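Computed from heavy atoms alone, side chains included, the values below leave out hydrogens, waters and symmetry copies. This is a predicted model, so every value here is computed, not measured.
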Amino acid sequence: MIRSELVQKIADENPHLYQRDVERIVGTIFDEIVDALSSGDRVELRGFGAFSVKKRDARVGRNPRTGDSVQVDEKHVPFFKTGKLLRDRLNGK
């Protein structure tokens with residue numbers, strides 16, 4: 001599901017809301033998640049999962065085309081861990 005499909009589904013299920021308001025709500029939620037992660041916080045949505053940031057150390061990688069060694073810098077990557085309720089629903093429990 002992409003963002004526009006999510007907005008449309010929420011708007012369809014809530015006819016009392018204007019679509020532009022739903023777009024603003026969804027955008028605000030995503031912006032808040034991004035802001036929290038960029039400041040190093042963890043975002044937990046009970047029953048769904050938790051977003052966090054993991055640090056990957058600098059390392060020596062390989063260019064697959066040439067086989068040359070390449071220095072890969074340290075970086076931070078987003079990480080998502082599913083909640084128990086979501087995991088159980090995906091596994092049919």
Side-chain angles (χ1 to χ4, degrees):
M1 175 179 283
I2 60 175
R3 185 181 188 141
S4 60
E5 291 173 343
L6 176 63
V7 168
Q8 188 61 50
K9 185 168 178 71
I10 293 172
D12 291 346
E13 291 178 1
N14 297 282
H16 61 283
L17 296 174
Y18 292 111
Q19 183 157 349
R20 67 178 181 270
D21 293 336
V22 174
E23 289 172 2
R24 192 175 316 130
I25 291 167
V26 170
T28 301
I29 291 170
F30 288 158
D31 289 342
E32 288 300 315
I33 291 172
V34 169
D35 290 344
L37 291 175
S38 65
S39 66
D41 294 334
R42 181 174 183 263
V43 177
E44 182 177 336
L45 304 171
R46 294 287 169 142
F48 182 70
F51 297 92
S52 60
V53 177
K54 290 202 173 197
K55 178 182 149 194
R56 289 196 181 159
D57 293 328
R59 62 185 174 83
V60 176
R62 294 224 175 265
N63 181 334
R65 185 172 289 163
T66 62
D68 294 338
S69 294
V70 178
Q71 185 63 34
V72 179
D73 295 334
E74 169 187 289
K75 59 183 152 184
H76 295 85
V77 294
F79 178 75
F80 177 74
K81 181 176 180 184
T82 58
K84 184 179 183 329
L85 181 63
L86 176 60
R87 198 169 35 249
D88 288 346
R89 286 188 66 184
L90 290 174
N91 292 309
K93 294 181 184 179

S4: which of L6, V7, I2 passes side chain to side chain contact (heavy atoms under 4.5 Å, CB included): I2
Single-linkage hydrophobic cluster, 4.5 Å side-chain cutoff, F79 and I33 together: no
Same cluster (ILVMFWY, side-chain, under 4.5 Å), F48 and V53: yes
Heavy-atom closest pair, residues R3 and G27: NH2-CA, 2.9 Å
Residues in side-chain contact (heavy atoms from CB on, under 4.5 Å) contact with L90, at least two apart in sequence or another chain: L86
Nearest heavy atoms of A36 and V43, plus distance in Å: CB-CG2, 3.6 Å
Residues which pass side chain to side chain donor-acceptor pair (under 3.5 Å) with R62, listed by chain and number, not counting sequence neighbours: S69
Residues that L17 engages under side-chain contact (heavy atoms from CB on, under 4.5 Å), provided they are two or more places apart: N14, V22
Residues in ring pair (Phe, Tyr, Trp, His ring centres under 6.0 Å) contact with F30, at least two apart in sequence or another chain: none
Set of residues satisfying salt bridge (Lys or Arg N to Asp or Glu O under 4.0 Å) with respect to D57, sequence neighbours excluded: K55
Inter- and intrachain pairs under salt bridge (Lys or Arg N to Asp or Glu O under 4.0 Å), touching residues 17-30, at least two apart: D21-R24
Separation of F80 CZ from L45 CG (nearest 0.5 Å): 7.5 Å
Non-neighbouring partners of K9 that pass salt bridge (Lys or Arg N to Asp or Glu O under 4.0 Å), sequence neighbours left out: E13
Summary of side chain to side chain donor-acceptor pair (under 3.5 Å) pairs that have at least one residue in residues 26-40, sequence neighbours excluded: S39-D41
Residues that E44 engages under salt bridge (Lys or Arg N to Asp or Glu O under 4.0 Å), provided they are two or more places apart: R42, R46
Residue list, side chain to side chain donor-acceptor pair (under 3.5 Å) with K84, at least two apart or on another chain: D88
By side chain to side chain donor-acceptor pair (under 3.5 Å) - contacts of D68 (at least two apart): T66
For R87, all residues meeting side chain to side chain donor-acceptor pair (under 3.5 Å), sequence neighbours excluded: T82
